Amino acid sequence: MTHAHITAWAIGIILFFVAYAMYRNKNSKAKMVHMITRLMYIIIVITGFLLYQSIMKTAAGNIHMWYGIKMLVGLWVIGAMEMILIRTNKGKNANAGWIQFVIALLVVLYLGLRLPMGFAPLA
Ligand code: HEM
């Protein structure tokens, strides 16, 4: 599941940048790429939730809380990506979204690589 999760968010983030560039260039196919990006969001959330469930029975101490925070910040990254794409499509300033995206992405990468499942080089 870890690999499915990593694959899902890696593809999701790449598609997010592609959709962003296409909206910027007023490419008529941007909406289509955006819809596929949204499909990746769903896969990211499902794989993330399955990872969460797989450790919840045995999680002890405050690790429980950190998993909860990992999920919330993961959802925040997705929210920021969506905000950027929608505002860019409307021709509005998306800086607030970019700031959130960078902060939330750094935090989620740190938490993901710190928490014990899968790769944990920062543990
Ligand atoms: C774009 C958004 C996201 C990114 C970039 C991301 C990134 C990561 C990374 C780097 C890992 C560590 C993988 C490993 O240790 O091998 C991870 C694990 C995990 N993610 Fe996400 N994630 C995102 C969204 C989500 C969401 C939305 C959820 C929950 C619904 C979630 C839940 C989890 C859980 C529970 C783990 C296991 C943590 C561990 O023990 O390593 N993630 N994620």
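By convention here, the first residue in the shown sequence is residue 1. Note that the structure is a prediction, hence the values are computed from the model and not measured. Atoms within each ligand, like the ligands themselves, are counted from 1 in listed order.
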Among all protein heavy atoms, pick out the one at the shortest distance from atom 15 (O) of ligand 1; state its residue, atom name and that distance to 0.1 Å. F119 O, 2.6 Å

Under 4.0 Å from any heavy atom of Y52, which atoms of ligand 1 are there? 35 (C)

Subset of ligand 1 atoms that lie under 4.0 Å from at least one heavy atom of L75: 27 (C)

Are any of the side-chain heavy atoms of M40 and I43 separated by less than 4.5 Å? yes

Checking heavy atoms under 4.0 Å, the part of L115 that sits near ligand 1 is both

For G118, atoms of ligand 1 separated by under 4.0 Å from a heavy atom: 15 (O), 16 (O)

Evaluation steps, ring pair (Phe, Tyr, Trp, His ring centres under 6.0 Å), between W98 and F16: CA-CA 12 Å; W98 280 113; F16 158 74; 5.6 Å; yes

Atom 26 (C) of ligand 1: nearest protein contact (heavy atom, Å): G74 CA, 4.0 Å

Evaluate the ring planes of H34 and Y23, with Trp represented by its six-membered ring, and classify them as parallel (under 30°), tilted (30 to 60°) or perpendicular (over 60°). perpendicular

Any heavy-atom pair between the side chains of I63 and L115 that's under 4.5 Å? yes

Got the closest protein heavy atom to atom 12 (C) of ligand 1, with its distance? G112 O, 3.1 Å

Suppose I only count heavy atoms of P116 and a 4.0 Å limit; which atoms of ligand 1 are within that range? 40 (O)

Under a 4.0 angstrom heavy-atom cut-off, which atoms of ligand 1 come close to M71? 29 (C), 30 (C)

Around atom 38 (C) of ligand 1, find the nearest protein heavy atom and jot down its residue, atom name and distance. Y67 CE2, 3.4 Å

Between CD on residue E82 and OG1 on residue T37, distance to nearest 0.5 Å: 8.5 Å

Criterion side chain to side chain contact (heavy atoms under 4.5 Å, CB included) on L51 and I55, from CA distance to verdict: CA-CA 7 Å; L51 281 170; I55 202 169; over 6 Å; no

For atom 36 (C) of ligand 1, the protein heavy atom that lies nearest, with its residue and separation: L51 CD1, 3.5 Å

Checking contacts here: is it the side chain or the backbone of I6 that comes within 4.0 Å of ligand 1, counting heavy atoms only? Could be both or neither. side chain

Quick one: pull up CG in L39 and CD1 in I11 and give me the separation to the nearest 0.5 Å. 10.5 Å

Please check: side-chain N/O of N93 versus main-chain N/O of N95, any donor-acceptor pairing under 3.5 Å? yes

Side-chain touch W9/V108, heavy atoms, less than 4.5 angstrom: no

Could you list which atoms of ligand 1 come closer than 4.0 Å to a heavy atom of L105? 5 (C)

I need the contact type for I55 against ligand 1. Using non-hydrogen atoms and a strict under-4.0 Å cut-off, is it side chain, backbone, both or neither? neither

Do N89 and L85 make a side-chain contact, defined as non-hydrogen atoms from C-beta onward lying under 4.5 Å apart? no

With atom 21 (Fe) of ligand 1 at the apex, how many degrees lie between NE2 of H5 and NZ of K70, rounded to 10 degrees? 170°

Atom indices of ligand 1 within 4.0 angstrom of V108 heavy atoms, with elements: 4 (C), 5 (C), 6 (C)

W9 contact mode with ligand 1 (heavy-atom cut-off under 4.0 Å): side chain

What's the shortest distance from atom 28 (C) of ligand 1 to any protein heavy atom, and which residue and atom give it? G48 CA, 3.8 Å

Y110 and L122: which non-hydrogen atoms are nearest, and at how many Å? CD1-CD1, 3.6 Å

Would you mind checking which non-hydrogen protein atom is closest to atom 1 (C) of ligand 1, with the distance to 0.1 Å? V77 CG1, 3.6 Å

If you measure from CG on L75 to NZ on K70, what distance do you get to the nearest 0.5 Å? 9.0 Å

Please identify which atoms of ligand 1 are closer than 4.0 Å to at least one heavy atom of T2. 13 (C), 14 (C), 16 (O)

